[in-house]
Amino acid sequence: MTAIITRVAGSLVEASPLRAALYEMAAVGERRMLGEIIRQRGDVATLQVYEDTTGLTTGEPVEALGVTLSAQLGPGLLGAVLDGVGRPLARVAELTGDFITPGTAADTLDAAVKWKFTATCKPGTNVAPGDILGTIEERPGMTHRVLVPPGIVGGVLASLASGEFTITDTIGALEDGTPLLLAHRWPVRTPRPFAERLTGSRPFVTGQRVFDLFFPVLEGGNAAVPGGFGTGKTIIEQSLAKYAEADIVVYVGCGERGNEMTDVLTEFPALVDARTGRPVMDRAVLIVNTSNMPVAAREASIYLGVTVAEYFRDQGNRVALMIDSTSRWAEALREMAARMQQMPGEEGYPTYLASRLGQFFERAGSVRALGNPERNGAVTIIGAISPPGGDFSEPVTQAALRVAGAMWALDASLAHQRHFPAVDWDTSFSLYAAQVAPWFTEHGGPDWPAARAALLDLLQKERELRDIASLVGPEALEDRDHLTMEVAALVREGVLRQSAYDANDAVCSPHKTHALAAAALALLRAGEAALAHGTVFADLNLAPARKALVAIRDAAESDVDNRVAEAGRTAEALAGSQPAVPARA
Amino acid sequence: MTTIHAERVYRGAAAAAGPLLFLDHTRRISLGEWVVVRCPGQADRRGQVIDAGTTATVIQLLDDTIGFRPDQAEVVLTGQVATAVVGEELLGRVFDGHGVATDGLPAPVGDAIRAIDGAPINPVRRAKPTDFIETGISAIDAMNTLVRGQKLPVFSGPGLPGLEIATRIVEWARAPHDEPFAVVFAGVGITARETRGFVERVRASGAMPRTVLYINEAAHPAVERLLAPRLALTAAEYLAFECGMHVLVVIADMTNYCEALREIATAREEIPGRRGYPGYMYTDLASIYERAGIVRGKPGSITQIPILTMPDDDVTHPIPDLTGYITEGQIVLSRELHRRGIDPPIDVLPSLSRLMGSGIGKERTRPEHREWSDQLYAVYARGRDARTMAAIVGESGLPAADHRALAFAEAFEREFIGQPEGRRTIADTFEAGWRLLETLPREELLRIAPSTWAARDAAKAAEHR
């Protein structure tokens, strides 16, 4: 007896008689829309459907497909734009036009493309999951390593040949007859295996001063970026995708705006990565499930994203995974839970929100991959969070903070002043700072940790002084305090603020970051020296030094050292300034 | 295309509660299916299936249920999902919240019939909005630029002129080239007075032949509020993507929409989310707001200006909050500015246009637009801080720079945001902004590049000659 639909409520569908495995995929209705079984009670199965269910009718057939939601992994992923369940949107557009209609079937990878495969493994060798069989030059400079898929037993390689293959062609076989292909599938909700988790000491270099200097993230670590609307989460996610040091970027637009994705789709192909000389799109995989696309696919999209990221990690790449936004995933979870009439926890979210989020964030990591030759890879997760009303006490933010290694808290009042990235240095934190300090000391500058501490201290002092000034008036402050406030303001403007729209400022090397931090501190010391000679604050001419600092910020990387020298001279001049009226002895 | 299967009739409903009707034991019933309910001696009622099940089905009725007896009802399942007539013929017409003509003219035949829920634009087929729309309002053109294909809501408050600002945009907006354009207005739970005011202004501006109105007033059924914006957007999508027009969609007031959504959710006994609004309100709002944009290779566009009233002026209330997360920025009105007689009372600090970057700069507005507006923001923000400080320590206690910033903020609000003289061109807006900036010492204006100053000086010198 075929299973039929007995109930349709939003994206939730019940079917009976249907006995299947949890998380098994199903074809729902006459249009065979994609669904997933999320509850089984007697012979009634409850499914979440990844497509718009309007018009779906009771009595239509449902067929369980015997597989769980899995990602198709292989050559052709780079540059792809996929929906939440892995359908390439360009292919969907060819099939259904400008608007998405439900029930479109399209595989992630194009089975018609022939790839030039170079075998690096010889028949007769014993191979195990994770071993590299050979390589494909997927894009210029982007080598795709073809792996023995994890999950199979392995054995002696009976045959393997170089040549031109599609992803459905057999490239070789094991002695037990297991065929080998260029691509394989992996269930998205299961983390891919690796040999060993590594501690790591290398930072995920973001190119954004406030993160690298103040709140660094470890490569293979994770960061939560909570911020109310308009605080610049998306710009941060996009800047990192464009400029951060990563071999591969997986960008998941989860329940966000359609036009924002258009932005990414127009910018990434046009933007040239300075390190590879190739468009950023060549090393990116985009997963797009905008806010008006079906909610269940939104829930799946982050798992698809992390599975793709892990796949590239297993090839030995450093992968950055951007999630914009984690909150939309949590809301999708809530919506499905409510439709299943599960007992709600805080703010209506299901009680398993924190554990699911924890499991997801823990898929970040720096690992030694399975198989030979030995190689290390990393997945760094940067998850944006959209707390309702900008209130960080809400469940999603709190659940994320318990597992995140760094928090970049975005502040609405900074955003209102157009201070971007609008990172609140008071509430943000990084648990990785000490771990990555040696690397930054080596690549940025010798006194990196000291400069970081001094600047944080300066900003802290400024806040205290501002509180005092707002209580008793600025005239109660001493000259030293005025200098502190002036330099702190300059640090905010010249060091922390970074323009995503300025060609020279959009990305900043650790060297330049250090140069700016050092110049600001030198200016502070010079001012203090001048005050110590008896010059009064009102007579200090800070304008040239201020200008010099801004000049470093706006300089091209190649010109930074010249500007630093110039800033040094202005600081010296400042330190040497003489009191207008000689101080009394 | 929208017909799913044949019409069926059920006699007697199991239960009714508020706008909901429950049917037991149905066969082949579709989610979203359109329903007509007949009751002896009463007008027909319309409804929609919101939960389809073989054992229990829930129908949401659009019309009020006073005097309704479920056991005597005849429920006709039409086998169709909610649809609307669309076409160029609709221009100049007025309809109610479920698409019935209210202007005394016969119902339009239209060019096509479309499902009102629409379908998401495939993200890879969207084109990036880059065309600057000159609204004639400095606070928008200079600081929060509107571009074609954007969705930019107005966050108003009770008694603040949200609809007035949208009306002005309808009257004043100038597109870069004189392409065909249309206005589609959805009134959602607005008062008869607001409707009249808006319609009169549109008529007076001569835009009426290019306008379609869908009006659900406060006196009309609440459920209809969920339909009016969808009807409007369905009509707009046809005009934009099939007739090649640039369509400006104004929806007022989304707060009434959300209230109706909550009302229905409560009637369905759903688990409430924040402040009683349903947990899926984000998704539901997105299904409206995301119907804006430009499709690659098609000449038309949809620009959306929804208006909402922030309850108690609270921007963290779920309605403005969720809206802000979906839309591409927001124009926030300020009660304080309104009280001080500054018109339009737009508070630029919390306002934002996310697509501004692609609509401004060289060949669009002015090359220096970004740094110039950043600088205006920075000084104004400092001036606002200084104002707070001055309230505590007195103006005389402020440092000189803060003093200057405070004076700037006062002038900025009066002369730049306020524009009693009416529409301002972008050139006038720039001049007004530069005039204010030039009252300050240049070394305090860190965001203006030296090259920009040089260009400004050269332009001024040329003018003098």
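A note on names: the letters A, B, ... follow the listed sequences, proteins ahead of strands, and every chain is numbered from 1. The figures here come from the full heavy-atom set of this structure, side chains too, leaving out hydrogens, waters and symmetry mates.
- If you measure heavy-atom distances from A:L265 to chain B, the contacts under 4.5 Å come from the side chain alone.
- Side-chain atoms of A:F229 and B:D321, non-hydrogen and from C-beta on, do get closer than 4.5 Å to each other.
- When heavy atoms are compared at a cutoff of 4.5 Å, B:R27 approaches chain A solely by way of its backbone atoms N, CA, C and O.
- In this structure, the portion of B:I271 lying under 4.5 Å from any heavy atom of chain A is its side chain and not its backbone.
- For chain B, the nearby parts of A:V92 are the backbone and the side chain; heavy atoms of each come within less than 4.5 Å.
- Counting only heavy atoms from C-beta outward, the side chains of B:R384 and A:H416 never approach each other to under 4.5 Å.
- Heavy-atom distances place the side chain of A:E30, and not its backbone, under 4.5 Å from chain B.
- There is no contact between B:V58 and chain A, counting heavy-atom distances below 4.5 Å.
- For the set B:N122, B:I50, B:T316, B:D402, the entry with the most heavy-atom pairs within less than 4.5 Å of chain A is B:N122.
- Chosen from B:I121, B:I392, B:D117, B:L352, the residue pairing most often with chain A at heavy-atom distances under 4.5 Å is B:I121.
- Contacts with chain B were tallied for A:S386, A:A469, A:A9; A:S386 has the most, counting heavy-atom pairs under 4.5 Å.
- Looking at A:R418 and B:D374, no side-chain N of the basic residue comes within less than 4.0 Å of a carboxylate O on the acidic one, giving no salt bridge.
- How far CD of A:E260 is from CZ of B:R354: 6.0 Å, rounded to the nearest 0.5 Å.
- For the pair A:M293 and B:P123, the minimum side-chain heavy-atom distance is below 4.5 Å.
- Counting only heavy atoms from C-beta outward, the side chains of A:E267 and B:K128 approach each other to under 4.5 Å.
- Contact annotation: the side chain of B:R382 never approaches that of A:Q417 to less than 4.5 Å [non-hydrogen atoms, C-beta and beyond].
- Interface check for chain A: of the options B:R296, B:M389, B:R28, B:R291, the most heavy-atom pairs under 4.5 Å are formed by B:R28.
- For the set B:G32, B:G273, B:G279, the entry with the most heavy-atom pairs within less than 4.5 Å of chain A is B:G279.
- There is no contact between A:I4 and chain B, counting heavy-atom distances below 4.5 Å.
- Proximity to chain A is absent for every atom of B:E371, based on heavy atoms less than 4.5 angstrom apart.
- For B:P320, the part sitting under 4.5 Å from any heavy atom of chain A is the backbone (N, CA, C, O) and nothing else.
- Only the backbone of B:S351 comes within contact range of chain A, judged by heavy atoms closer than 4.5 Å.
- In terms of heavy-atom proximity, B:R274 sits nearest to A:G389 at NH2-N, 4.1 Å.
- The candidate from A:D554, A:T266, A:I235 with the greatest count of non-hydrogen atom pairs under 4.5 Å with chain B is A:T266.
- Put simply, of B:L355, B:V379, B:L285, B:T327, the one with the most heavy-atom pairs under 4.5 Å next to chain A is B:T327.
- A distance of 9.5 Å separates CG in A:N292 from CD1 in B:I326, rounded to the nearest 0.5 Å.
- Between B:E443 and A:K547, no side-chain nitrogen of the basic residue sits less than 4.0 Å from a carboxylate oxygen of the acidic one, so the salt-bridge criterion is not met.
- The pair B:K298-A:D98 meets the salt-bridge criterion, since a charged nitrogen lies less than 4.0 angstrom from a carboxylate oxygen.
- Ranking A:G348, A:A332, A:G258, A:G390 against chain B, the residue ahead of the rest is A:G258, based on heavy-atom pairs under 4.5 Å.
- In this structure, the portion of B:F241 lying under 4.5 Å from any heavy atom of chain A is its side chain and not its backbone.
- If you measure heavy-atom distances from A:Q342 to chain B, the contacts under 4.5 Å come from the backbone alone.
- Of the listed residues B:Y377, B:Y380, B:Y289, B:Y280, the one with more heavy-atom pairs under 4.5 angstrom with chain A than any other is B:Y377.
- For B:A127, the part lying near chain A is the backbone, with the side chain staying farther off; criterion is any non-hydrogen pair under 4.5 Å.
- Options A:A90, A:A415, A:A543, A:P388 differ in how many heavy-atom pairs under 4.5 Å they form with chain B, and the most are formed by A:P388.
- Using a 4.5 Å cut-off between heavy atoms, A:P387 touches chain B through backbone and side chain atoms alike.
- If you measure heavy-atom distances from A:V8 to chain B, the contacts under 4.5 Å come from both the backbone and the side chain.
- Using a 4.5 Å cut-off between heavy atoms, B:R370 contacts chain A through its side chain alone, with no backbone atom that close.
- With a 4.5 Å cut-off on non-hydrogen atoms, A:T54 touches chain B through its backbone and its side chain both.
- Between the B:T54 side chain and the A:T6 main chain, a donor and an acceptor come within less than 3.5 Å of each other.
- In this structure, the side chain of B:Y282 engages the main chain of A:G255 through a donor-acceptor pair within 3.5 Å.
- For the residue pair B:E328 / A:N259, a side-chain donor-acceptor distance below 3.5 Å is found, with atom types taken as modelled.
- Interface summary for chain B: among A:H482, A:R339, A:R334, the most heavy-atom pairs under 4.5 angstrom belong to A:R334.
- Considering only heavy atoms from C-beta on, A:E256 stays 4.5 Å or farther from B:Y325 through its side chain.
- Atoms CZ and CD, from A:R546 and B:E444 in turn, are 7.0 Å apart once rounded to the nearest 0.5 Å.
- The parts of B:I29 that come within reach of chain A are both its backbone and its side chain, each placing non-hydrogen atoms under 4.5 angstrom from that chain.
- Residue with the most contacts toward chain B among A:G228, A:A500, A:G494: A:G228 (heavy-atom pairs, distance under 4.5 Å).
- Side-chain contact between B:P120 and A:F99: absent, with no pair of heavy atoms (C-beta onward) separated by less than 4.5 Å.
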For this session: Would you check, one step at a time, whether the test side-chain hydrogen bond (donor to acceptor under 3.5 Å, both in side chains) holds for B:E290 with A:T290?
Result: CA-CA 9 Å; B:E290 274 293 328; A:T290 56; 5.1 Å; no
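- No side-chain donor-acceptor contact under 3.5 Å links A:S291 to the backbone of B:T283.
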